[in-house]
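Computed from a predicted structure; not experimentally measured.
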Amino acid sequence: MTVNSRPGRPVLLGQNQYGKAENRVVKITRDGATHHIKDLNVSVALSGDMDEVHYSGSNANVLPTDTTKNTVFAFAKEHGIESAEQFGIHLARHFVTSQEPIHRARIRIEEFAWERIEASDANSQFIGADEVKHSFVRKGQETRLTQITYDGEKWEVISGLKDLVVMNSTNSEFWGYVKDKYTTLKEAYDRILATEVSGRWRFNWTDDEERMPNWEKSYEQVKKHMLQAFAETYSLSLQQTLYQMGARIINHRSEIDEVRFSLPNKHHFLVDLEPFGLKNDNEVYYAADRPYGLIEATILREGCEPRIPVDLTNL
């Protein structure tokens with residue numbers, strides 16, 4: 001068994017981190033009979049002076065991952081969950097400032113939204129309709145995301161969403177493209193444009209001395225502008241729509257400097273109904289889940305450098 005603190009060969013330890021992944025925490029806030037839910041999936045990654053635990057196995061600088069899990073749940077009680085971003089900021093600041101060996105904390109959070117179930121107007125047999133303020137149905141539109149990184153001095157907050165499926169049933173064309181001997185696709189002058197939005201946006205708030213954004217309002221407004229741009233753009237390509245979605249966010253939200261989208265083109269093909277003596281006037285489509293075109297791009301405020309990773313798989 002190797003116990004030497006330094007291997008005898010010129011092998012060096014590179015980037016490393018550790019923590020507890022996917023801590024599912026559900027916080028119920030009881031405002032009298034009215035309840036509110038925050039449902040988060042929190043992953044903690046810590047890095048710093050951790051060479052020795054890798055070289056010799058000494059745990060002297062290691063905060064157990066079980067402790068990071070416990071901290072997530074304790075903070076849900078002690079600080080509440082105002083927003084995913086604010087909760088992540090509380091956690092990141094705690095780990096970096098309370099543990100000397102930890103120099104950097106990265107908190108990734110998925111938020112699963114719930115909406116209140118509307119009770120019937122008629123009186124329930126058991127509970128009056130006006131009393132039902134504690135029943136919810138899980139929203140299925142999208143999963144909200146955020147990643148908070150803190151090194152003791154500067155913050156980086158990247159938020160976003162995934163699994164938001166949108167469709168325009170018209171006002172979309174695709175023609176004038178390059179054609180070679182392998183091209184079989186027919187030009188389209190009226191097509192369905194559908195995609196499953198995966199987007200991230202980076203805030204320009206980096207310092208505690210700066211005014212912190214209103215995280216909840218910002219998310220609502222970013223989503224609004226994104227969807228409005230999708231709906232209002234007469235699209236000649238998904239790339240054009242993507243750019244308009246990002247530009248609308250940059251132009252309307254001063255707290256955001258960078259947006260990145262990954263948009264799979266969820267193809268809908270007209271079904272050939274002629275064998276049945278029927279004319280298909282852009283009415284009946286076949287929805288193909290794969291293969292799909294994948295359109296990705298970053299939109300930046302002028303003068304800003306891109307920092308959101310090109311590959312959003314793990315962000």
Side-chain angles (χ1 to χ4, degrees), residues 13-23 40-48 50 68 83-89 91-93 95-96 102-112 142-165 195-207 213 215 218-219 222-223 225-226 229-230 238-239 241-250 253 255-265 292-315:
L13 176 68
Q15 191 279 337
N16 62 89
Q17 60 193 35
Y18 80 104
K20 206 72 156 182
E22 301 201 21
N23 301 278
L40 306 182
N41 190 23
V42 182
S43 293
V44 177
L46 308 175
S47 55
M50 297 292 159
T68 67
S83 67
E85 287 85 355
Q86 188 64 60
F87 190 63
I89 288 168
L91 287 169
R93 190 192 307 276
F95 289 123
V96 172
I102 296 174
H103 304 159
R104 183 174 184 269
R106 186 197 70 200
I107 314 296
R108 286 178 172 168
I109 300 176
E110 297 176 309
E111 179 175 344
F112 307 106
E142 83 271 6
T143 299
R144 180 173 168 178
L145 307 167
T146 193
Q147 173 178 291
I148 293 91
T149 305
Y150 183 53
D151 64 2
E153 295 182 1
K154 294 294 183 182
W155 297 91
E156 182 184 73
V157 180
I158 299 174
S159 293
L161 55 78
K162 64 179 181 179
D163 305 327
L164 180 65
V165 180
T195 186
E196 184 175 298
V197 180
S198 179
R200 309 291 187 275
W201 44 90
R202 179 172 56 83
F203 292 88
N204 47 41
W205 178 79
T206 60
D207 195 293
W215 306 112
S218 180
Y219 180 84
V222 167
K223 182 182 173 184
H225 291 300
M226 178 197 313
F230 179 83
L238 184 52
Q239 286 92 331
T241 299
L242 180 154
Y243 177 79
Q244 291 299 325
M245 292 165 67
R248 185 83 67 101
I249 294 169
I250 296 293
R253 302 308 304 174
E255 73 273 23
I256 293 169
D257 282 350
E258 178 185 5
V259 181
R260 182 163 180 84
F261 285 119
S262 178
L263 304 182
N265 198 333
Y292 51 84
L294 184 59
I295 313 303
E296 301 177 304
T298 298
I299 299 91
L300 293 162
R301 190 178 301 280
E302 187 175 6
C304 296
E305 296 292 327
R307 296 181 183 175
I308 299 176
V310 170
D311 184 2
L312 300 181
T313 303
N314 293 312
L315 175 58

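- The two residues R144 and S83 have their closest heavy-atom pair at NH2-CB, 4.4 Å.
- Rounding to the nearest 0.5 Å places OG1 of T143 at 5.0 Å from CG of D163.
- For R301 (side chain) and I256 (main-chain N/O), a donor-acceptor pair under 3.5 Å exists by modelled atom type.
- A search for ring-ring contact (aromatic ring centres under 6.0 Å, His included) contacts involving Y150 returns W155, not counting sequence neighbours.
- The CD1 atom of I102 lies 4.5 Å from the CG atom of L46; values are rounded to the nearest 0.5 Å.
- For the pair A84 and I148, the tightest heavy-atom approach, listed with the atom from each and the gap, is O-CD1, 4.2 Å.
- In terms of modelled atom types and a separation under 3.5 Å, the side chain of E255 and the main chain of S218 share no donor-acceptor contact.
- Residues satisfying the side-chain hydrogen bond (donor to acceptor under 3.5 Å, both in side chains) test with E110, not counting sequence neighbours, are N41, K162.
- The shortest heavy-atom contact between G19 and T68 is C-OG1, 4.4 Å.
- Between M245 atom CE and T195 atom OG1 the span is 7.5 Å, to the nearest 0.5 Å.
- Side chains of I107 and F87 form no contact here, defined as non-hydrogen atoms less than 4.5 Å apart.
- Panel note: side chain S262, backbone E296; no donor-acceptor pair is recorded below 3.5 Å.
- Under the 3.5 Å distance criterion, with hydrogens and angles disregarded, a donor-acceptor pair is assigned to the side chains of T298 and R260.
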### Task
Just do the side-chain contact (heavy atoms from CB on, under 4.5 Å) check on R253 and W201 with the steps written out, would you?
CA-CA 11 Å; R253 302 308 304 174; W201 44 90; over 6 Å; no
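- Scanning both residues, G48 and H103, for their nearest heavy atoms gives CA-ND1, 3.7 Å.
- Nearest heavy-atom pair, E156 versus I158, reported as atom, atom and distance to 0.1 Å: OE1-CD1, 3.7 Å.
- Summarising the geometry, atom CG belonging to L145 is positioned 10.0 Å from atom CZ belonging to R108; distances are rounded to the nearest 0.5 Å.
- Closest approach of M50 and L13 over heavy atoms only: O-CD2, 4.3 Å.
- Within 6.0 Å of CZ on F112 lie more than 12 heavy atoms contributed by other residues, nucleotides or ligands.
- Among the candidates V197, T241, L242, the single residue satisfying the side chain to side chain contact (heavy atoms under 4.5 Å, CB included) test with F230 is T241.
- With hydrogens and angles disregarded, no donor-acceptor distance shorter than 3.5 Å links the side chain of D207 to the backbone of W205.
- Within the model, atoms CG of L164 and CE of M226 stand 7.0 Å from one another, a figure rounded to the nearest 0.5 Å.
- The OH atom of Y219 sits 8.0 Å away from atom CD of E111, with the distance rounded to the nearest 0.5 Å.
- Using a 4.5 Å cut-off on side-chain heavy atoms (C-beta onward), R200 and R202 make no contact.
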### Query
Given the rule in the side-chain contact (heavy atoms from CB on, under 4.5 Å) test, do V96 and R104 qualify, once you have shown the distances and angles that lead to the verdict?
CA-CA 6 Å; V96 172; R104 183 174 184 269; 5.6 Å; no
